Colleague: 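Below you will find the structure I want to go over with you.
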Amino acid sequence: MTAPLAPVTLHTDQVHARLPELTVIDVRTPGEYASGHLPGALNIPLDRVRRAVPELRYVAGRGGVLFVCASGARSENAARLLAGQGVPAATLAGGTGAWAAAGQDLERPAACDTRAGWSMERQVRFTAGALVLVGIALGLLVHPAFQILSAGIAGGLVFSALTDTCGMAAVLGRLPYNRPRAADLDAVLAALRGR
């Protein structure tokens, strides 16, 4: 068994200087990826990274592997997963948000290839807010016990912040518009094997 490694965090200037030698893996949902990603990035959603470990181990031997997401939290989890398997991995501090804020270009597929989607963070905020409002409205109009829904969402948000995880994002990520088609993942894995 290989010894676990510590993932490395790179900043936008470091990534920009090394971009040609890095294999960039965007771990956001396909909809988020389509809204703009680092040049040359391949999309492997976070819940599919474990399946891609053999291919990622292969490309890591040929150059660096950089994980990217919207803010850096999901990519840090992916880099930690790979490093725990003994494969060197890095994450972009601040994610695509920091990349764009630094004035770097994002690639976007042609308009006919995809429809614009909401980021996972935006989907979570919308869903949590909507459920809180529904709980309050039902609590006022139907029965006070419905306010438990709002309290449950609030408790989930506190738990999410304390553990740096998001159960609601995991659930929303399983919705059809956030799921990659199996052929897409297979094509990305084939592209990694060909590097």
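Index from 1, following the sequence. Computed from a predicted structure; not experimentally measured.
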Colleague: Can you name the residues that form a side-chain hydrogen bond (donor to acceptor under 3.5 Å, both in side chains) with Thr91, not counting sequence neighbours?
Modeller: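 side-chain hydrogen bond (donor to acceptor under 3.5 Å, both in side chains) check on Thr91 returns Ser75.
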Colleague: Verify the neighbour count for atom CG of Asp105: are there more than 12 heavy atoms of other residues, nucleotides or ligands below 6.0 Å?
Modeller: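 Not buried by this count: 12 neighbours or fewer within 6.0 Å.
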Colleague: Applying side chain to side chain contact (heavy atoms under 4.5 Å, CB included), can you list everything that pairs with Val142, at least two apart in sequence or on another chain?
Modeller: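 For Val142 the side chain to side chain contact (heavy atoms under 4.5 Å, CB included) partners, ignoring immediate neighbours, are Leu138, Phe146.
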Colleague: What pairs of residues pass the side chain to side chain donor-acceptor pair (under 3.5 Å) test when at least one of them lies in residues 142-163, not counting sequence neighbours?
Modeller: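 Counting only pairs at least two positions apart or across chains, the side chain to side chain donor-acceptor pair (under 3.5 Å) contacts touching residues 142-163 are Thr163-Thr165.
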Colleague: Indicate yes or no for a side-chain donor-acceptor contact from Asn43 to the backbone of Asp26 under 3.5 Å, with no hydrogens or angles considered.
Modeller: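 Yes: the side chain of Asn43 pairs with the backbone of Asp26.
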Colleague: How close do Ala83 and Ala6 get, heavy atom to heavy atom, and via which atoms?
Modeller: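 Answer, listing the atom of Ala83 first, then Ala6: CB-C, 4.1 Å.
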Colleague: Not counting sequence neighbours, which residues clear side-chain hydrogen bond (donor to acceptor under 3.5 Å, both in side chains) with Arg18? List them please.
Modeller: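 Applying side-chain hydrogen bond (donor to acceptor under 3.5 Å, both in side chains) to Arg18 gives Glu21.
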Colleague: Under the rule for side chain to side chain contact (heavy atoms under 4.5 Å, CB included), what residues qualify as partners of Ala78, not counting sequence neighbours?
Modeller: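 Ala78: side chain to side chain contact (heavy atoms under 4.5 Å, CB included) contacts with Val27, Leu46, Val49, Phe67.
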Colleague: How long is the straight-line distance from CG of Leu82 back to CZ of Arg57, given to the nearest 0.5 Å?
Modeller: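 Those atoms lie 7.5 Å apart.
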Colleague: Look at atom CD1 of Ile136 and say whether more than 12 heavy atoms of other residues, nucleotides or ligands are closer to it than 6.0 Å.
Modeller: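 Atom CD1 in Ile136 is crowded, with more than 12 foreign heavy atoms closer than 6.0 Å.
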Colleague: Quick one: side chain to side chain contact (heavy atoms under 4.5 Å, CB included) partners of Leu157, sequence neighbours excluded?
Modeller: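 Ala128, Ile153.
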Colleague: Suppose the criterion is ring-ring contact (aromatic ring centres under 6.0 Å, His included): which pairs have a residue in residues 6-31, not counting sequence neighbours?
Modeller: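 Counting only pairs at least two positions apart or across chains, no ring-ring contact (aromatic ring centres under 6.0 Å, His included) contact touches residues 6-31.
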Colleague: Determine whether Gln85 and Arg50 make a side-chain contact, defined as any pair of heavy atoms from C-beta on separated by less than 4.5 Å.
Modeller: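 Sidechains of Arg50 and Gln85: in contact.
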Colleague: With sequence neighbours excluded, give me every salt bridge (Lys or Arg N to Asp or Glu O under 4.0 Å) pair touching residues 75-96.
Modeller: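 Qualifying pairs: Glu76-Arg80.
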Colleague: Leu133, Phe126: one ILVMFWY side-chain cluster at the under-4.5 Å cut-off?
Modeller: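 Hydrophobic grouping puts Leu133 apart from Phe126.
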Colleague: Is there a continuous path of hydrophobic side-chain contacts, each under 4.5 Å between heavy atoms, that joins Tyr33 to Val124?
Modeller: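 No; tracing contacts between hydrophobic side chains, which count when under 4.5 Å, never links both residues.
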Colleague: Cluster partners of Val68, using ILVMFWY side-chain heavy atoms under 4.5 angstrom, listed by chain and number?
Modeller: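 Same cluster as Val68: Val8, Leu10, Val15, Leu19, Leu22, Val24, Leu38, Leu66, Leu92, Trp99, Leu106.
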Colleague: Shortest non-hydrogen contact from Ala93 to Ala98?
Modeller: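 Closest pair (atom of Ala93, atom of Ala98, distance): O-CB, 3.5 Å.
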Colleague: So, does Gln123 use its side chain to make a donor-acceptor pair with the main chain of Ala169 at under 3.5 Å?
Modeller: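 Checked: no pair found.
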Colleague: Given the rule in the side chain to side chain contact (heavy atoms under 4.5 Å, CB included) test, do Thr96 and Arg28 qualify, once you have shown the distances and angles that lead to the verdict?
Modeller: CA-CA 10 Å; Thr96 55; Arg28 298 176 296 161; 3.6 Å; yes
Colleague: Who passes ring-ring contact (aromatic ring centres under 6.0 Å, His included) against Tyr58, sequence neighbours left out?
Modeller: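 ring-ring contact (aromatic ring centres under 6.0 Å, His included) list for Tyr58, sorted by chain: empty.
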Colleague: Can you run down the salt bridge (Lys or Arg N to Asp or Glu O under 4.0 Å) pairs that involve residues 139-155, sequence neighbours left out, and say none if there aren't any?
Modeller: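 Passing the test, one end in residues 139-155: no pairs.
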Colleague: Quick test of your reading: applying salt bridge (Lys or Arg N to Asp or Glu O under 4.0 Å), list the pairs with at least one residue in residues 87-96, sequence neighbours left out, ordered by first then second residue.
Modeller: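 Listed by first then second residue: nothing to list.
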Colleague: I'd like to know if Leu131 and Leu140 are part of one continuous hydrophobic network [Ile/Leu/Val/Met/Phe/Trp/Tyr, side-chain heavy atoms within less than 4.5 Å].
Modeller: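 Linked, Leu140 and Leu131 end up in one cluster.
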Colleague: How close do Leu56 and Val87 get, counting heavy atoms only, and between which atoms?
Modeller: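 Shortest heavy-atom contact: O-CG1, 4.2 Å.
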Colleague: Taking all non-hydrogen atoms of both residues into account, name the closest pair between Pro88 and Val65 and its distance.
Modeller: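 Nearest pair, atom of Pro88 first, then Val65: O-CB, 4.3 Å.
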Colleague: At what distance, to the nearest 0.5 angstrom, does CZ of Arg74 lie from OG1 of Thr29?
Modeller: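 Arg74 CZ to Thr29 OG1: 6.5 Å, rounded to 0.5 Å.
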